[in-house]
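These values consider heavy atoms only, across backbone and side chains, with no hydrogens, waters or symmetry-generated copies.
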Amino acid sequence: MKREVKMDKFLLDKNDVVLVFVDIQERLAAVMADRQRVVDNCLHLIEAAKLLNIPILLNEQYPKGLGPTVSEIREALHPNEPLEKLTFSCCRGGSFFKALEASARKKVVLAGMETHVCVLQTVLDLLNGGYPVHVVRDATCSRTPDNFNTATEFMRDAGAVITCAETVLFQLLEKAGTDEFRAISKRIK
């Protein structure tokens, strides 16, 4: 007997996606072993979003304590202003849901720190709110591998799609031979 699988949640369309960054901030990033990998993959995602006109929502957890978003990402997103929050979940931080609804996009591609705290709680709230979520595994991190792995399994079990930056990039690009494809291919080599 053939098992029916709903494929829609696995598919990304550049016209239906919003890119969300969670708390990639200076003081938090400084204690992450995978900081550079996360930042590099986020920069790839930002470049694709710019080329494909995908909205980007940048979030910061208590910037007075954790500092601003890391400089590389802040510069790539200039003049975007971060949405500040005190709650761990972006969804409970006031202006995030308004900005998400204003984007008129139905799926979320999400990256950030820390996977087992703010990323996890944001993903759970998004899923609960009816948004399919693609968590970019190589653009998220935690201080310890155990916390990272547990959170990744938790989010998958809850219904999120666990993916990687290149998979997201090529799903959004759809085909080779375009100017956008050439620009992204050059970045990731």
Side-chain angles (χ1 to χ4, degrees), residues 8-10 12 16-35 37-39 41-42 45-46 49 54-70 73-74 77 80-165 167-168:
D8 184 60
K9 83 172 193 173
F10 297 99
L12 294 176
D16 202 28
V17 167
V18 60
L19 180 57
V20 173
F21 292 110
V22 179
D23 310 343
I24 307 172
Q25 294 166 251
E26 293 290 352
R27 291 191 189 115
L28 196 53
V31 298
M32 300 294 160
D34 293 328
R35 177 202 190 280
R37 173 184 54 89
V38 169
V39 169
N41 284 318
C42 288
L45 293 167
I46 290 166
I54 295 170
I56 300 170
L57 299 178
L58 173 65
N59 297 275
E60 288 182 346
Q61 170 77 26
Y62 185 58
K64 193 182 287 186
L66 294 177
T69 299
V70 297
I73 291 174
R74 209 172 48 241
L77 289 176
N80 286 22
E81 287 296 318
L83 303 168
E84 292 184 19
K85 64 187 180 70
L86 291 175
T87 58
F88 296 121
S89 172
C90 295
C91 300
R92 298 177 188 208
S95 57
F96 174 77
F97 251 127
K98 289 178 187 167
L100 181 60
E101 288 174 355
S103 77
R105 303 298 177 105
K106 293 180 175 60
K107 289 186 182 173
V108 175
V109 172
L110 190 138
M113 300 176 183
E114 277 194 271
T115 311
H116 66 291
V117 183
C118 296
V119 170
L120 171 67
Q121 290 186 37
T122 300
V123 168
L124 294 176
D125 282 343
L126 287 167
L127 291 169
N128 195 43
Y131 286 90
V133 182
H134 286 235
V135 177
V136 187
R137 191 176 200 278
D138 56 357
T140 61
C141 63
S142 292
R143 284 165 289 148
T144 69
D146 283 343
N147 286 341
F148 175 77
N149 292 328
T150 299
T152 302
E153 291 171 18
F154 191 145
M155 291 182 290
R156 177 178 282 129
D157 290 347
V161 174
I162 307 301
T163 189
C164 62
T167 297
V168 170

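Nearest approach of Cys90 to Val22, heavy atoms of both residues: SG-CG2, 3.9 Å.
Annotation: salt bridge (Lys or Arg N to Asp or Glu O under 4.0 Å) contacts involving residues 150-164, sequence neighbours excluded, are absent. Listed by first and then second residue, the salt bridge (Lys or Arg N to Asp or Glu O under 4.0 Å) pairs involving residues 98-110 are Asp8-Lys107 (not counting sequence neighbours). The salt bridge (Lys or Arg N to Asp or Glu O under 4.0 Å) contacts involving residues 124-140 comprise Arg92-Asp125, where partners must be two or more places apart or lie in separate chains. For residues 112-121, the salt bridge (Lys or Arg N to Asp or Glu O under 4.0 Å) pairs, not counting sequence neighbours, are Glu114-Arg143.
Annotation: Phe97, atom CZ; neighbour count of heavy atoms from other residues, nucleotides and ligands within 6.0 Å is above 12.
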N/O donor-acceptor pairs under 3.5 Å from side chains in residues 59-68, not counting sequence neighbours:
residue : atom : partner : partner atom : Å
Asn59   : ND2  : Phe21   : O            : 3.1
Glu60   : OE2  : Thr69   : N            : 2.8
Glu60   : OE2  : Thr69   : OG1          : 2.7
Gln61   : OE1  : Lys85   : NZ           : 2.7
Gln61   : NE2  : Leu86   : O            : 2.9

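Within the 4.5 Å cutoff, side-chain heavy atoms of Ile24 are placed close to those of Cys42. Side-chain contact between Met155 and Thr115 is present, with at least one heavy-atom pair separated by less than 4.5 Å. Side-chain contact between Val136 and Asn41 is absent, with no heavy-atom pair separated by less than 4.5 Å. Here the side chains of Leu126 and Phe96 are in contact, with some heavy-atom distance below 4.5 Å. Side-chain contact between Val168 and Leu19: absent, with no pair of heavy atoms (C-beta onward) separated by less than 4.5 Å.
Within the 3.5 Å criterion, the main-chain N or O of Lys9 finds a donor-acceptor partner in the side chain of His134. Under a 3.5 Å cut-off, the side chain of Ser103 and the backbone N or O of Leu100 do form a donor-acceptor pair. Side chain of Ser95 to main chain of Leu83: no donor-acceptor pair is present (N/O by atom type, distance under 3.5 Å, no hydrogens or angles). The backbone N or O of Val135 sits nowhere less than 3.5 Å from a side-chain atom of Thr163 that would complete a donor-acceptor pair.
Scored by the side chain to side chain contact (heavy atoms under 4.5 Å, CB included) test, Ala158 finds Leu124, Leu127 as partners (sequence neighbours excluded).
To the nearest 0.5 angstrom, Gln121 atom CD is 10.0 Å from His116 atom NE2.
Checking each of Val39, Val31, Val38 against Arg35 for a side-chain contact (heavy atoms from CB on, under 4.5 Å) leaves exactly one that passes, namely Val39.
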